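First up is the structure itself, then whatever we jot down about it.
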2 protein chains.
Amino acid sequence: MLDESGSKISPRTISRLPVYWRYLKELDDFGIERISSRELAGRIGSTPSQLRQDLNQFGHFGQHGYGYPVEELLSSISQILGLNRTRKMIIVGMGNLGMAIASYENFGRRNIKLAALFDVDPERIGTVVSDVQIQHADEMPKFLEENQIDIGCVSTPPEVAQEAVTTMEHGGVLGIWNFAPVKLQTKLPVEHLHLGDSLLELLYRIGRREDK
Amino acid sequence: MLDESGSKISPRTISRLPVYWRYLKELDDFGIERISSRELAGRIGSTPSQLRQDLNQFGHFGQHGYGYPVEELLSSISQILGLNRTRKMIIVGMGNLGMAIASYENFGRRNIKLAALFDVDPERIGTVVSDVQIQHADEMPKFLEENQIDIGCVSTPPEVAQEAVTTMEHGGVLGIWNFAPVKLQTKLPVEHLHLGDSLLELLYRIGRREDK
DNA sequence: CAGCTTATGTTAATCTTATAACAAGGCTTG
DNA sequence: CAAGCCTTGTTATAAGATTAACATAAGCTG
């Protein structure tokens, strides 16, 4: 049984799916064929209850008294996450962070294809990163017209992030992966990842620790 | 009134504090002196109720019928986050991501000082990034013995992340900022940031969008 | 092949988080 | 300087998420 569409999936569950996927992939690579919720949860650092609760939002993947078949479950979660089809991504803003993202080796295994890179700095334009040449950002509208792009990654300075997103939205991009620390005005799904915020959270926890 | 220690602060609240800090800093830079929960929440994309609820976990910063004094509130939140004192950070793993983190311009305003960089690749060792020279990872224990380091940033391949963390923990580091996709065995507070997981979450949401 | 063991799917209870409502108190204005 | 208007702090309510419990069903063993 698979993915009972219609029912709302909890956001918390969704954010754990990629973790499940990673661990299952590792198990599968090791040739392990089955796993119990207890053991998988143990590795992940979660609880059996939560794991089962999460999975059962999408269907029944396990077998009573046996556990979960790794390969099958991995395949199901891959499908739920949408990994069965290739997605094209572009990156705008090829500073240090943009470079790092473009060089990220793990896109392949997640079925993500780097389609284009954009920047405004003349010194960067023409540079080739991960087999893709950086173009001027002015070329983006035309590029988007000629190519169906799924993911727009924003690693520009915050001042120009909104502009980039607007261009992407008009160009038919389906979702935004945002590294710029600004609230974006768009109807597209946005996944936000901000280094500074994450670091401050750690800072707070370090401070609290010292108090005790 | 400030920071009623003892009461437990909700994790969700904590993760929003850095956002509040950013927006307040922006307001303060613009010379704005006061702001209401309604307006601030509007900018952030939150609700007035949640904002007040969050702030009141730490104390009473506002004034009835007036709102919040920006400079004072900013100062309070800075103190709560622990931004009043400088923290030293080291980075282990100077691949593309490590380079990007080391080059991150916003550490200064968060009172973070880059103290050292480590890698094992002979080609990288000796390179200077953000005024700091990359050393061999073998030097880390000695370095930690001679310097009190607060934050250990891990941007190594996953296979060696645990080893790096163990070394850091023994060396007296207070918290781990982890970019490697592995569960770390440590008693230190860990702040986890994984690009791949974030991207998969976006992928899922894009897929769900298309269904409708 | 029958009974036992095991680990699921699911329901129930607890705990956490978010939204809404409202009384209290300070600013502002005429 | 007093009355009214805001906007907070706080309490109450609702929604959401996690943990716990248990009945059910499949594999395994003797």
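The shown structure was predicted, so the numbers you read here are calculated from the model rather than taken from an experiment. Worth knowing before you read on, the calculation uses all heavy atoms, side chains too, and leaves out hydrogens, waters and symmetry mates. Lettering follows sequence order; numbering is per chain, from 1.
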Not counting sequence neighbours, which residues clear salt bridge (Lys or Arg N to Asp or Glu O under 4.0 Å) with B:Glu71? List them please. none

Could you work out, with side-chain contact (heavy atoms from CB on, under 4.5 Å) as the rule, every residue matching B:Asn84, not counting sequence neighbours? B:Gln79

Who pairs with B:Asp138 by side-chain hydrogen bond (donor to acceptor under 3.5 Å, both in side chains), at least two apart in sequence or on another chain? B:His136

Scan the side chains in residues 158-167 of chain A for donor-acceptor partners under 3.5 Å anywhere in the protein, sequence neighbours excluded, and list what turns up.
residue, atom, partner, partner atom, Å
A:Gln162, OE1, A:Gln185, N, 2.7
A:Gln162, NE2, A:Thr166, OG1, 3.2
A:Gln162, NE2, A:Gln185, O, 3.1
A:Thr166, OG1, A:Gln162, O, 2.9
A:Thr167, OG1, A:Glu163, O, 3.0

Distance, rounded to the nearest Å, where B:Phe61 contributes CZ and D:dT10 contributes C1': 16 Å

With the side chain defined as heavy atoms from C-beta on, A:Ser49 is closest, among D:dT18, D:dA21, D:dT10, to D:dA21

Chain B vs DNA chain C, heavy-atom contacts under 4.0 Å, first-to-last nucleotide span, 5' to 3', is C:dT17 to C:dT28

Which residues in residues 27-47 of chain B have at least one heavy atom lying under 4.0 Å from any atom of DNA chain D? B:Ser36, B:Ser37, B:Arg38

Applying side-chain contact (heavy atoms from CB on, under 4.5 Å), can you list everything that pairs with B:Ser15, at least two apart in sequence or on another chain? A:Glu201

Contact residues, residues 10-21 of chain A to DNA chain D [heavy atom, < 4.0 Å]: A:Ser10, A:Pro11, A:Arg12, A:Arg16

Taking side-chain contact (heavy atoms from CB on, under 4.5 Å) as the definition, give me every residue that meets it alongside A:His194, ordered by chain and number, with sequence neighbours left out. A:Pro181, A:His192, A:Asp197, B:Arg22, B:Tyr104, B:Arg110

Point-to-point distance, once rounded to the nearest 0.5 Å, from CG of A:Leu51 to CG of A:Leu40: 5.0 Å

Sequence neighbours excluded, every pair satisfying salt bridge (charged side-chain N to carboxylate O under 4.0 Å, His left out) that has a member inside residues 23-38 of chain B: none

Any donor-acceptor pair under 3.5 Å joining the side chain of A:Gln53 to the base of D:dT19? yes

A:Gln50 CD to D:dG16 P, in whole Å, measures 17 Å

Side-chain (B:Asp150) to main-chain (B:Leu174) donor-acceptor, under 3.5 angstrom: no

What's the NE2-C1' distance between B:His64 and D:dC6, to the nearest Å? 11 Å

Atom-to-atom span, CG of A:Asp54 to P of D:dT19 - whole angstrom: 11 Å

Residues passing the side-chain contact (heavy atoms from CB on, under 4.5 Å) test with A:Ser75, sequence neighbours excluded, are none

Can you tell me the distance, in whole Å, between the CG atom of A:Leu51 and the C1' atom of D:dA17? 15 Å

Qualifying residues under side-chain hydrogen bond (donor to acceptor under 3.5 Å, both in side chains), relative to A:Arg43, sequence neighbours excluded: A:Glu39

